[in-house]
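Below you'll find the structure, written out as structure tokens, and then a few comments.
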Amino acid sequence: MTMPPIRPEMQAFRDGMSRLGAAVNLITTDGPAGRHGITVSAVCSVTDTPPTLLVCINRNAFAHDAFVANGNLCVNVLADGHQDLSRSFARWTGEDRFSGAQWSRLATGAPVLEGAAVAFDCRIVDSQPKGTHSVLFCEVQATRLSDQPGGLIWFNRAFHPLEARV
């Protein structure tokens, strides 16, 4: 499929969004449609009653349909030191990128990254199309916090570590 050219206003939007710092997340799934994972930054809290996250996935992403079919995902919020893992999961290929880390499972069976700053294990309860993406509403079934505070953000098209201040 040939992609349409990027219009100047689209490029300005993309350039502006590069200056909006965001956590780097690996979202993972497992189930009848197979085990998959991708890197995303479009994750945010919706409500705490019930605990719900919003996750946006490009509908052209190789794993998009697997997330929807499996009905579960884990938002693994990355810590400093996970840059290579993030790059690996950002590539849209079918290679086994899971071999580069240790994984466990919580309530839904989606892969949970050992050493993630936090992992939100979720059931997908709704999906809405918007432009090129699906907006997934995900109810949190289990949360696991790391002992090590800190994180990893994407800002101005580069990784930046976050350290907790005491």
Side-chain angles (χ1 to χ4, degrees), residues 13-31 34-58 61-64 66-67 70-125 133-166:
F13 176 77
R14 289 179 178 189
D15 291 345
M17 289 305 295
S18 77
R19 308 257 173 99
L20 176 65
V24 182
N25 310 282
L26 292 184
I27 58 168
T28 56
T29 188
D30 200 357
R35 183 175 71 164
H36 295 279
I38 60 175
T39 301
V40 302
S41 59
V43 173
C44 73
S45 170
V46 175
T47 181
D48 66 354
T49 310
T52 304
L53 298 176
L54 177 150
V55 178
C56 298
I57 304 176
N58 189 313
F62 68 94
H64 172 274
F67 282 97
N70 286 341
N72 68 48
L73 61 80
C74 185
V75 175
N76 297 282
V77 181
L78 298 186
D80 187 26
H82 287 138
Q83 293 90 337
D84 288 342
L85 192 61
S86 173
R87 285 185 193 98
S88 174
F89 276 82
R91 291 197 253 345
W92 289 15
T93 66
E95 69 188 56
D96 181 16
R97 292 148 308 164
F98 286 90
S99 63
Q102 297 294 314
W103 304 90
S104 62
R105 298 182 190 272
L106 293 172
T108 71
V112 177
L113 175 65
E114 296 297 320
V118 62
F120 297 102
D121 189 28
C122 303
R123 184 172 49 87
I124 300 169
V125 295
H133 284 63
S134 288
V135 180
L136 306 178
F137 291 88
C138 308
E139 285 187 7
V140 178
Q141 305 298 299
T143 302
R144 186 172 70 199
L145 298 169
S146 171
D147 302 4
Q148 302 298 317
L152 184 66
I153 66 166
W154 185 251
F155 177 78
N156 205 21
R157 298 182 174 98
F159 292 108
H160 300 274
L162 291 176
E163 295 181 19
R165 293 187 182 186
V166 286

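Fair warning: this is a prediction, and the values are worked out from it, not measured in the lab.
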Problem - Residue of the set Val118, Asn25, Val112 for which side-chain contact (heavy atoms from CB on, under 4.5 Å) holds with Asn76 - result: Val112

Exercise for the section: Would you please test Phe67 and Ile38 for side-chain contact (heavy atoms from CB on, under 4.5 Å) and show each step? Expected result: CA-CA 10 Å; Phe67 282 97; Ile38 60 175; 4.1 Å; yes

Handout entry: Atom pair CZ/OG1 of Arg35 and Thr29 - distance to nearest 0.5 Å
Key = 11.5 Å

Problem - Residue pair Trp103 / Phe98: nearest heavy atoms and the distance that separates them - result: NE1-O, 2.8 Å

Problem - 4.5 Å side-chain heavy-atom contact, Leu73 and Cys138 - result: yes

Exercise for the section: Would you mind telling me which of Leu136, Val135, Val40 makes a side-chain contact (heavy atoms from CB on, under 4.5 Å) with Cys56? Expected result: Val135

Fill in the blank from the handout: Between Gly115 and His82, the two heavy atoms sitting closest are O-CE1, 3.2 Å

Exercise for the section: Mind checking the CD-CG spacing from Glu163 to Asp80? Nearest 0.5 Å is all I need. Expected result: 7.5 Å

Problem - Leu85 CG to Leu78 CG distance, which is reported to the nearest 0.5 Å - result: 6.5 Å

Handout entry: Backbone N/O of Ala107 and side chain of Asp121: donor-acceptor pair under 3.5 Å
Key = yes

Handout entry: Check: Asn72 side chain, Asp30 main-chain N or O, donor-acceptor pair, under 3.5 Å
Key = yes

Practice task
Say whether, by atom type as modelled, one donor and one acceptor occur between the side chain of Glu139 and the main chain of Phe137 under 3.5 angstrom.
Solution key: no

Exercise for the section: Working to the nearest 0.5 Å, report the span between OG1 of Thr28 and NE2 of His36. Expected result: 11.5 Å

Problem - Any Leu152 side-chain heavy atom under 4.5 Å of Gln83 side chain - result: yes

Handout entry: Backbone N/O of Gly37 and side chain of Arg97: donor-acceptor pair under 3.5 Å
Key = yes

Practice task
Working to the nearest 0.5 Å, report the span between CG of Leu113 and CZ of Arg144.
Solution key: 8.0 Å

Exercise for the section: Determine yes or no for a side-chain-to-main-chain donor-acceptor pair under 3.5 angstrom, with Thr143 supplying the side chain and Phe120 the backbone. Expected result: no

Practice task
Measure the shortest side-chain to side-chain distance between Cys122 and Leu53 over non-hydrogen atoms and say whether it is less than 4.5 angstrom.
Solution key: yes

Practice task
Find the distance between NE2 (His160) and CD1 (Ile153) and round it off to the nearest 0.5 Å.
Solution key: 6.0 Å

Problem - Test item: Trp154 side-chain N/O and Ser41 main-chain N/O as donor-acceptor pair under 3.5 Å - result: no

